[in-house]
Amino acid sequence: PNRVWFMSRPTMVHTGTLKFGAKTLKATGKKVVPPPQVLSFSFDKHGLCYKMTGGYSVDRTVGNTGGLGGLFGVMYALGQTLPFPEGQPWKRSPQWEVFYARFAQLQTEWKGLFA
C-alpha cells in the first residue's frame, strides 16, 4: 500500500561531467538509450519517500547499454565497464540457447504430459 511501481524508458545525452566512485567522465555528447526499466518508490506514513529501487531491465535487447539498467547501463554506453558480472552486458548462456532452440518442441512435449 505504500509502494508505487512504474516503468521508465528514458533517452539521455551525456552533456556534463559524470562522477562515479573514483571515475570522472567528461561530457562526450554520446546518446544513452537504456532498455525499458521497472522502478519503485516506497513512502512512509508521512508521505515521504524512504526507498527507491530501479534499473530492472524489461527488454534487454533494446538500447545501447548492453541490456544493463540504471547507472551500470549508462557507464557501459559511455564505454566504461565495471569489474563484476552484474556490471557486464547481458548475454545468453549456453543453457538459455538450448532451451530457446527447443522451446517449440518442449511446448508440444509438455502439452502431452498434462492432457
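Heads up: numbering here begins at 1 and tracks the sequence.
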- Side-chain touch Phe20/Leu82, heavy atoms, less than 4.5 angstrom: yes

- Here the pair of heavy atoms bringing Phe41 nearest to Cys49 is CD2-SG, 3.7 Å

- Distance, nearest 0.5 Å, that separates NZ of Lys31 from CE of Met12: 11.0 Å

- Hphob cluster co-occupancy, Leu48 + Phe43, side-chain heavy atoms under 4.5 angstrom: no

- Query: How about His14 and Val74: do any of their side-chain heavy atoms sit closer than 4.5 Å?
  - Reply: no

- Message: Given 3.5 Å as the limit, does a donor-acceptor pair link the side chain of Asn2 with the main chain of Ser42, or not?
- Response: no

- Message: Quick check against the 3.5 Å criterion: does Asn64 have a side-chain atom that pairs as donor or acceptor with the backbone of Val33?
- Response: yes

- Task: Give a yes or no answer on whether the side chain of Ser57 reaches the backbone of Pro35 with a donor-acceptor pair at less than 3.5 Å.
- Result: no

- Here the gap from Thr24 atom OG1 to Leu18 atom CG, rounded to the nearest 0.5 Å, amounts to 8.5 Å

- Task: Consider only side-chain heavy atoms of I, L, V, M, F, W and Y, link residues closer than 4.5 Å, and tell whether Leu68 and Leu78 are in one cluster.
- Result: yes

- Message: Assigning hydrophobic clusters by single linkage (Ile, Leu, Val, Met, Phe, Trp, Tyr; side-chain heavy-atom cutoff under 4.5 Å), is Met52 placed with Val4?
- Response: yes

- Task: For Gln37 and Gly70, indicate whether the former's side chain and the latter's backbone hold a donor-acceptor pair under 3.5 Å.
- Result: yes

- Message: Please tell me whether Tyr76 and Phe72 form a close aromatic pair, meaning their ring centres lie under 6.0 Å apart.
- Response: no

- Gln88 and Trp90, any side-chain heavy atoms less than 4.5 Å apart: no

- Message: For Phe103, is the CZ atom crowded, meaning more than 12 foreign heavy atoms sit under 6.0 Å from it?
- Response: no

- Is any side-chain heavy atom of Arg9 closer than 4.5 Å to a side-chain heavy atom of Pro36? yes

- Message: Measuring only between side-chain heavy atoms, which start at C-beta, is Leu25 closer than 4.5 Å to Lys30?
- Response: no

